[in-house]
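Below you'll find the structure, written out as structure tokens, and then a few comments.
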Amino acid sequence: MSTVTRFAPSPTGELHIGGVRTALFNYAYAKKKNGKFLIRIEDTDLERSTKEYENNILQSLNSIGLIPDQDPINQSKRSELYLAAAKKLYEDGHAYYCNCSKERLDELRSSLQEQGKKPQYDSKCRELNLSKSNDTVLRLKTPLEGQTIVKDYVRGEIVFENSELDDLIILRSDGTPTYHLCNVVDDFEQGVTTVIRGEDHISNTPRQIHIQKALGYPELEYAHLPLVLGNDKKRLSKRHAATGLEEYQSKGYLNSAILNCLARLGWSKGDKEVFYLDDLIKDFELTEIQRAGAIFDQSKLDYLNSQHLANLSIDEFKIAITPFTKKLDIDIDTHQHLELLINSMRSSAHTLSGIATNLVPYFKDIDSYDQKALEKFVAPAPTILSYIHDALNKIENWNEEVLDNEMNIIKEELNLKVPQINQPVRIALTGSTNSPSLGTTMYLFGREETLIRIKALIESL
RNA sequence: GUCCCGUUCGUCUAGAGGCCUAGGACACCGGGUUUUCAUCCCGGCAACAGGGGUUCGACUCCCCUACGGGAUGCCA
């Protein structure tokens, strides 16, 4: 049987990186098995679900390349299916109507808890043969004894005593189906074979297995992933800074780097740290997933991003950085030595937005100089710049070698140390002391612009 | 409370009883290259939660404790 996995988010918030990782593992496993990866929107909670969040989730998954093999489905549009399943359960004697009031349930729970027992429904209505009415819920007849064993790829076999589980509600008193029913029915209807989801669902699993069995559905395979945590070791949530996928994308982290980073959270293959989606698909095994929760570390993402950035071809890099340079109102295609510029600057920051910012001086006039640098390198000897300007002005053959050579000559003539003559020029050209090697930098600016900028700095003093 | 899951350097992880003097990566610290910054290279720091077993031998197996997480909803 061909493998089918699914990512089943509920649209009650933006897609965060923990969700992306769950989707990623679902995707990778399906692809590895030559199966299908599906998306299901679990929007049965009308109160909290919104179309905006749904769109955000779908768009995010699409933008990062985790494309489903079929159009996503919405649970909110499939009630007939759930109702039909509920009806079958009732007719087959696997479910019963219950009219216990909320008050009774609350009392029951608290009194059981006082006795040190597990708070659960006492199955009062189980044999009463109640019929459906306005205030009845439909409950599943959970097996009273025996065990339910969840076979999990990452944790092995997890055993639950059936006596620990009560008769769960599958249809609310307003007639709408609950999560567990929808989940089980859809997994069956969609042909899902393998459930890969967060470990917060482990204790839900035996309940779902009971529904499956009652409905006569085949068994599923499970893999419960450890959770992605914030710095405080707490489960990632809105309280943590920067959890949304879009935030990372808009800061200029490459999709491939984000995916790489997320995949390494809970999974590894030998000493391989830098890899791509294709590698993951090839190497991935559910049994290799780590069992403990993992803290998301941004400095690791920074590193991985640098590596992925370095691996981009010039054309790929151009395409990747363009949205960021556009935002800063610069058009890198206008540069006369674009390839050299990119290769000189691509490692200047960890993110595309950082690199784009560093690129600005190469396209726009300097509107402010680094004051500290000015004080340190220019203020002590302001006349050096004029000397350099005049010397460079005589150079016709404007290339890196000649320029480096000339700077060396100037250094000898003035009997100065390298930083004393190099740094003022850097400041004149880029506004700061940071730039590629000086010959390259002057070459990148060209003869005319280099001279203009040196002059401009002299005049601004 | 009860049930379930988990616990190796600051972080992500390797580790399937002797290969472990516990390996790699990020971060950090130091050095080199770059006549600046970044990159890159080299080196260093740093962990088996605690206690009992089992065993000739335990990071690895068992039990207990502690700590963290989840479930215990007419949320998903």
Side-chain angles (χ1 to χ4, degrees), chain A residues 8-12 42-45 47-49 75 98 100 102 105 109 112-120 135-139 150 152 154-155 158-161 163-166 168-176 178-180 182-183 198-207 224 226-227 229 231 233-235 261 264-274 290-304 306 310 344-350 354-355 358 373 377 404 407-408 411 417-423 425-427 430 432-438 441:
Chain A
S10 55
T12 54
E42 303 212 327
D43 52 358
T44 51
D45 183 346
E47 301 268 308
R48 296 192 301 149
S49 303
Q75 287 192 328
C98 161
C100 290
K102 264 202 167 104
L105 262 21
R109 267 193 281 265
L112 278 170
Q113 198 158 140
E114 272 169 34
Q115 297 169 46
K117 287 181 184 159
K118 195 179 173 85
Q120 52 181 17
D135 56 357
T136 53
V137 297
L138 188 66
R139 284 183 186 272
V150 178
D152 190 282
V154 348
R155 281 154 229 276
I158 308 168
V159 180
F160 293 87
E161 294 296 330
S163 58
E164 289 290 330
L165 273 12
D166 59 4
L168 84 159
I169 295 171
I170 52 180
L171 242 40
R172 302 184 185 98
S173 50
D174 65 1
T176 58
T178 58
Y179 160 71
H180 291 290
C182 302
N183 195 275
E199 70 172 353
D200 47 333
H201 286 289
I202 291 179
S203 10
N204 288 154
T205 311
R207 301 169 193 284
H224 286 95
L227 267 15
L229 315 172
N231 294 115
K233 290 199 173 235
K234 293 252 154 62
R235 184 182 175 172
C261 192
R264 274 297 276 103
L265 238 48
W267 180 80
S268 64
K269 195 76 169 188
D271 288 342
K272 204 152 133 191
E273 298 285 346
V274 181
Q290 174 80 14
R291 279 171 292 273
I295 295 171
F296 179 75
D297 180 18
Q298 190 168 324
S299 61
K300 190 84 164 213
L301 212 212
D302 282 337
Y303 167 75
L304 257 11
S306 299
S344 306
M345 296 297 294
R346 65 193 302 171
S347 65
S348 71
H350 291 304
I355 297 169
N358 293 339
F377 295 106
D404 276 331
M407 289 307 286
N408 218 285
K411 186 192 76 172
K417 295 242 161 67
V418 175
Q420 291 177 292
I421 60 161
N422 279 19
Q423 298 300 53
V425 177
R426 281 208 167 82
I427 296 166
T430 68
S432 79
T433 54
N434 302 341
S435 89
S437 82
L438 194 57
T441 308

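In what follows, chains are A, B, ... by sequence order, proteins preceding strands, each numbered from 1. For the numbers below, each heavy atom of this structure counts, side chains included, while hydrogens, waters and symmetry mates do not.
For Thr433(A) and Asp271(A), each mapped to the nucleotide of RNA chain B holding its nearest heavy atom, the one lying further toward the 5' end belongs to Asp271(A). Mapping Gln290(A) and His350(A) onto RNA chain B by nearest heavy atom places Gln290(A) closer to the 5' end of the strand.
The shortest side-chain heavy-atom distance between Glu273(A) and Lys300(A) falls under the 4.5 Å cut-off.
In this entry G17(B) has no Watson-Crick or G-U wobble partner, no candidate having both defining distances under 3.5 Å. With a 3.5 Å ceiling on both atom-pair distances, G73(B) lacks any Watson-Crick or G-U wobble partner. Across all strands shown, A22(B) has no partner, as no Watson-Crick or G-U wobble contact with both distances under 3.5 Å is found. Using the Watson-Crick or G-U wobble rule with both distances under 3.5 Å, A46(B) pairs with nothing in any strand shown. Base pairing annotation: A66(B) forms a Watson-Crick or G-U wobble pair with U7(B), both donor-acceptor distances under 3.5 Å.
At a cut-off of 3.5 Å, with distance as the only test, no side-chain donor of Thr430(A) or Arg426(A) sits close to an acceptor on the other residue.
A38(B) and G17(B) have their C1' atoms separated by 47 Å, with the value rounded to a whole Å.
Put simply, Arg109(A) has a side-chain N or O that comes within less than 4.0 Å of OP1 or OP2 on G73(B). OP1 and OP2 of U11(B) both lie 4.0 Å or more from every side-chain N or O belonging to Arg264(A). Look at Ser435(A) and you won't find any side-chain N or O under 4.0 angstrom from OP1 or OP2 of C37(B).
Across C12(B), C74(B), G24(B), the shortest atom-to-atom separation from the side chain of Ile169(A) is found for C74(B). Relative to the side chain of Ser203(A), the nucleotides A76(B), G70(B), U36(B) differ in distance, and G70(B) lies closest.
No donor-acceptor pair under 3.5 Å is formed between the side chain of Asp404(A) and the backbone N or O of Leu438(A).
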